[in-house]
Protein chains: 2
Amino acid sequence: MKSGFQWRGRLWLEGEEGTFLGYGRVVLLERIGEHGSLAQAARSMEMSYKHAWDLLDSMNRQAGCKLVETSRGGKSGGGARLTPAGERAIAVFWEYHARFQAVLQEMTAKLGETLGDAWCGDPGAEP
Amino acid sequence: MKSGFQWRGRLWLEGEEGTFLGYGRVVLLERIGEHGSLAQAARSMEMSYKHAWDLLDSMNRQAGCKLVETSRGGKSGGGARLTPAGERAIAVFWEYHARFQAVLQEMTAKLGETLGDAWCGDPGAEP
DNA sequence: TTGCGTTATATTTATCAAAATATAACGGTT
DNA sequence: AACCGTTATATTTTGATAAATATAACGCAA
C-alpha cells in the first residue's frame, strides 16, 4: 500500500549547552578529517568559516576534550585534524543515526499498511 | 551509567508539499478542538492568526479533505471545528510520536551503558 | 442598519540566525 | 623582513521567516 506520506525526522545528541552532535556537525567533522583544514572543510560545505569554527568550538567544549586539534602558522599556514575522540564521535553518531532512519522507515511502512492515503472516509470500510 | 547526554529528535509526516503533520500543527488541531475557534486556538499558543491559518490551510489541502471545518458570520462570529479526519490525524500523530520518543529514550539508555561520558580516553579501559 | 467576533487575505514591519566582511595573530618559508 | 594560508575573533550586513497590522467579507442579532 502506497501512501505518499512518509515519516521524517531529525536526530541530535543534546548536552548541557544544547546540541552537541547533529548531522551537520558530524559532516563537518568528517570534512575536517578529509581536508585537514577547518577553512577547507567549511568551504566544501558552503558554510562560513565562522559558523564552522563556532560549531567546532561548541563540540570541543562539550566533549570535555578536543574532537579536533588545530594549529596555526607554519609551512601550510596551519591545519586541523581529528583526534581519536573525534573519530569515535563520528562513528557513534552514524551508528545511532542508522538505527533512527530504520525506525522512520518502519514507521512509514506501517502507516501505509494501516492507513493508505485514507485520512478521509471510514477507516473501517471494506475495500 | 549516567551520561549527561541524551538523544533528542523531531518527527514529522511529510507530504507532497513538505510538512503535513508535525508537533506544532497537531497541537494547533487540538486547540481548535478545545476552543472551537481558529483565532482563539492561535492566541492560546501565542501564534499569529495568519500563521495558524496558513498551517491549517496546508493541512487541509494535503489531507485531501478538511481536517477542520470553518464557518464565518453568525451569532458567535463564526468558528472552526475538527472533522473526524482531524481527530484521526491527531490520534495517528501522537501514536507514532510516542513510539518515536520511546526509541529516543532507548537510544539514550544504550548510549549511557556503552559510553558513559567517555568521549575521551580509551574505550576499552577497565573501570 | 449597525454591531459583533469570526474567517480570509494582503501588506508591512520586526526579529533573529546565518552569512559576509574585516582584522589580527601565528609560525614556518623564501 | 615580507609572504602565505591558516586559525581566531569581532563587527557588519543580509535574508529568511515569523509577527504585526490592515482590510474586507460573512451572517446573525439587536
Side-chain angles (χ1 to χ4, degrees), chain A residues 10 12 14 17-20 22-63 65-83 85-86, chain B residues 10 12 14 17-20 22-63 65-83 85-86:
Chain A
R10 297 283 295 176
W12 66 93
E14 182 125 340
E17 81 171 60
T19 300
F20 168 51
Y23 187 93
R25 289 168 185 240
V26 169
V27 170
L28 177 63
L29 291 178
E30 288 184 328
R31 297 293 174 91
I32 290 171
E34 291 166 17
H35 293 96
S37 151
L38 179 54
Q40 280 182 48
R43 280 198 293 272
S44 82
M45 299 175 67
E46 299 177 45
M47 177 186 288
S48 72
Y49 173 83
K50 174 177 169 36
H51 188 45
W53 190 90
D54 285 342
L55 292 178
L56 183 54
D57 183 55
S58 166
M59 289 188 274
N60 278 339
R61 277 183 292 106
Q62 289 191 76
C65 61
K66 288 193 186 313
L67 302 187
V68 168
E69 278 180 348
T70 58
S71 65
R72 21 183 219 178
K75 168 157 91 175
S76 61
R81 67 179 195 286
L82 286 174
T83 65
Chain B
R10 295 283 294 176
W12 67 93
E14 183 126 339
E17 81 172 60
T19 300
F20 168 51
Y23 187 92
R25 288 168 184 240
V26 170
V27 170
L28 177 62
L29 291 178
E30 288 184 328
R31 298 292 175 92
I32 290 171
E34 290 166 17
H35 292 97
S37 151
L38 179 54
Q40 281 182 47
R43 280 198 294 272
S44 81
M45 299 176 66
E46 299 178 45
M47 176 186 288
S48 72
Y49 173 84
K50 175 179 170 33
H51 189 45
W53 189 90
D54 285 343
L55 291 178
L56 181 55
D57 182 55
S58 166
M59 289 188 274
N60 278 339
R61 276 184 292 106
Q62 290 191 76
C65 60
K66 288 194 187 312
L67 302 187
V68 169
E69 278 181 348
T70 59
S71 65
R72 14 183 225 180
K75 168 157 92 175
S76 61
R81 68 179 195 285
L82 286 173
T83 63

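- The residue among B:Gly77 and A:Ser48 whose nearest nucleotide of DNA chain C lies closer to the 5′ end is B:Gly77.
- Atom NE2 of A:His35 is separated from atom C1' of D:dT7 by 17 Å (rounded to the nearest Å).
- Heavy atoms of A:Arg43 sit under 4.0 angstrom from primed sugar atoms or phosphate atoms, though from no base atom.
- Comparing D:dT6, D:dA20, C:dA8 by their nearest atom to the side chain of B:Thr70 picks out C:dA8.
- Side-chain proximity of A:Ser37 to D:dT6, D:dA8, C:dA18: nearest is D:dT6.
- Checking D:dT7, C:dA19, C:dT6 against the side-chain heavy atoms of B:Gln40 singles out C:dT6 as nearest.
- A donor-acceptor pair under 3.5 Å is absent between the side-chain atoms of A:Thr70 and the main chain of A:Ala80, judged by distance alone.
- Distance A:Arg72 CZ to D:dT9 P: 7 Å, rounded to the nearest Å.
- Note: CH2 (B:Trp53) to C1' (C:dT11) measures 15 Å, nearest angstrom.
- Residue A:Arg81 places its CZ atom among 12 or fewer non-hydrogen atoms of other residues, nucleotides or ligands, all under 6.0 Å distant.
- Nucleotide C:dT7 holds its C1' atom 14 Å from the CZ atom of B:Arg81, rounded to whole Å.
- Distances from the side chain of A:Leu38 to the nucleotides C:dA8, D:dT7, C:dA19 place D:dT7 closest.
- Checking B:Ser58 against B:Gln62 by side-chain atom types alone, a donor-acceptor pair falls below 3.5 Å.
- Among the atoms of the strands shown, base atoms are found under 4.0 Å from some heavy atom of B:Gly74.
- For the pair A:Gly78 and A:Asp54, both in contact range of DNA chain D, the more 5′-proximal nearest nucleotide belongs to A:Gly78.
- Atom NZ of B:Lys50 and atom P of C:dT13 are 16 Å apart (whole Å).
- For B:His51, counting side-chain heavy atoms from C-beta on, the closest listed nucleotide (C:dT7, D:dA19, D:dA8) is D:dA19.
- Comparing B:Gly73 and A:Gly79 by the nucleotide of DNA chain D that holds the closest heavy atom to each, the one mapping nearer the 5' end is A:Gly79.
- Comparing atom distances between the B:Tyr49 side chain and each of C:dT6, C:dA8, D:dA19 picks out C:dA8 as nearest.
- Within the 3.5 Å criterion, the main-chain N or O of B:Thr19 finds a donor-acceptor partner in the side chain of B:Arg25.
- Between the side chain of A:Ser37 and the backbone N or O of A:Gly79 there is no donor-acceptor pair closer than 3.5 Å.
- In the set D:dT6, C:dG28, C:dA8, the nucleotide with an atom closest to the side chain of A:Lys75 is C:dG28.
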